[in-house]
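For reference, the structure is listed below as structure tokens.
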Amino acid sequence: MATLHVLSHSPYADRSLESCLRVLGKQDGLLLSGDAVYALQGSEASNRLTQVSAALYALDEDVTARNISAAHNAQLVDYTAFVELCCQYDKVNAWL
């Protein structure tokens with residue numbers, strides 16, 4: 001069963017990203033929102049994201065607000081696409 005994992009916390013504030021990456025399957029998706037988009041910047045978190053085989057998404061509004069360039073394999077999505085993603089996956093797991 002494919003799951004969309006939604007992260008909103010900075011990778012520098014807690015270990016949600018690390019925990020998520022341990023359970024992320026190839027058919028899953030990972031959506032970065034809020035301060036989680038900082039994982040796209042040059043860091044250890046960024047390096048780990050380049051190795052993700054699951055679909056990687058980031059909220060465009062949050063990337064723009066933080067002046068981050070998403071030069072990753074992340075697909076930028078708006079809120080409408082976020083809702084559509086939630087409908088495409090069997091489950092949605094928000095990492096709090």
Side-chain angles (χ1 to χ4, degrees):
M1 201 184 307
T3 302
L4 177 64
H5 299 270
V6 181
L7 292 172
S8 60
H9 295 279
S10 169
Y12 308 111
D14 67 22
R15 300 177 89 62
S16 297
L17 179 62
E18 290 177 33
S19 297
C20 178
L21 292 178
R22 280 196 294 270
V23 299
L24 195 65
K26 289 182 181 183
Q27 294 147 344
D28 291 345
L30 173 58
L31 174 70
L32 303 174
S33 65
D35 286 342
V37 299
Y38 285 121
L40 297 172
Q41 278 186 315
S43 66
E44 183 178 329
S46 175
N47 292 336
R48 294 197 63 202
L49 287 177
T50 61
Q51 300 167 12
V52 168
S53 59
L56 181 60
Y57 308 98
L59 275 176
D60 186 32
E61 182 176 300
D62 294 330
V63 170
T64 302
R66 288 157 181 83
N67 197 29
I68 294 172
S69 71
H72 251 101
N73 51 338
Q75 178 183 344
L76 297 179
V77 297
D78 59 13
Y79 281 101
T80 302
F82 176 24
V83 173
E84 290 171 0
L85 285 172
C86 291
C87 295
Q88 288 176 8
Y89 286 88
D90 299 315
K91 294 184 337 183
V92 177
N93 184 23
W95 291 76
L96 302 175

**Prompt:** Could you go step by step and tell me if Ser33 and Leu7 meet the side chain to side chain contact (heavy atoms under 4.5 Å, CB included) rule?
**Reply:** CA-CA 6 Å; Ser33 65; Leu7 292 172; over 6 Å; no

Please set out all donor-acceptor pairs under 3.5 angstrom arising from side-chain atoms of residues 13-24, sequence neighbours excluded.
residue, atom, partner, partner atom, Å
Asp14, OD1, Ser16, N, 3.1
Asp14, OD1, Ser16, OG, 3.2
Asp14, OD2, Ser16, OG, 3.3
Arg15, NH2, Glu18, OE1, 3.2
Ser19, OG, Arg15, O, 3.2
Ser19, OG, Arg22, NH2, 3.3

Under 4.5 Å between any side-chain heavy atoms of Asp60 and Asp78, yes or no? no

Nearest heavy-atom contact between Ala2 and Tyr89 is CB-CD2, 3.8 Å

Q. With the 4.5 Å side-chain cut-off for hydrophobic clustering, are Leu40 and Val77 part of the same group?
A. no

Asn93 meets the side-chain hydrogen bond (donor to acceptor under 3.5 Å, both in side chains) criterion, sequence neighbours left out, with none

Quiz question: by atom type and distance under 3.5 Å, do the side chains of His5 and Asp28 form a donor-acceptor pair?
yes

So NZ of Lys91 and SG of Cys86: to nearest 0.5 Å the spacing works out to 14.0 Å

For Pro11 and Ala45, the nearest pair of non-hydrogen atoms, with its separation, is CB-CB, 4.0 Å

Check the hydrophobic clustering (I, L, V, M, F, W, Y; side-chain heavy atoms under 4.5 Å; chains of links allowed) and say if Leu56 and Phe82 are grouped together. no

Applying side-chain hydrogen bond (donor to acceptor under 3.5 Å, both in side chains) to Tyr38 and not counting sequence neighbours gives none

Mark yes or no for whether Ser8, through its side chain, and Ala36, through its backbone, hold a donor-acceptor pair below 3.5 Å. no

Practice task
Check whether any side-chain N or O of Asp62 sits under 3.5 Å from a backbone N or O of Gly34 as a donor-acceptor pair, and report yes or no.
Solution key: yes

Check whether Asp90 reaches the backbone of Thr3 with its side chain - one donor and one acceptor, N or O, closer than 3.5 Å. no

dist Glu44:CD -> Leu49:CG (nearest 0.5 Å) comes out at 11.0 Å

Is any side-chain heavy atom of Thr50 closer than 4.5 Å to one of Val52?
no

Is there side-chain contact between Tyr57 and Leu85, with heavy atoms separated by less than 4.5 Å? yes

Closest heavy-atom pair, Ala58 versus Val37, reported as atoms and distance to 0.1 Å, is CB-CG1, 4.4 Å

Is the shortest heavy-atom distance from the side chain of Leu31 to the side chain of Leu4 under 4.5 Å?
yes

Exercise. Do Ser53 and Lys26 touch side chain to side chain, with heavy atoms closer than 4.5 Å?
Worked result: yes

Check: When hydrophobic residues are tied together by side-chain contacts of less than 4.5 Å, even through go-betweens, does Leu76 share a cluster with Val83?
Finding: no

Margin query: Please say yes or no: joined through hydrophobic side-chain contacts below 4.5 Å, possibly via intermediate residues, are Val92 and Trp95 part of one cluster?
Written below: no

message = For a 4.5 angstrom cut-off between non-hydrogen side-chain atoms, does Leu59 reach Tyr79?
response = yes

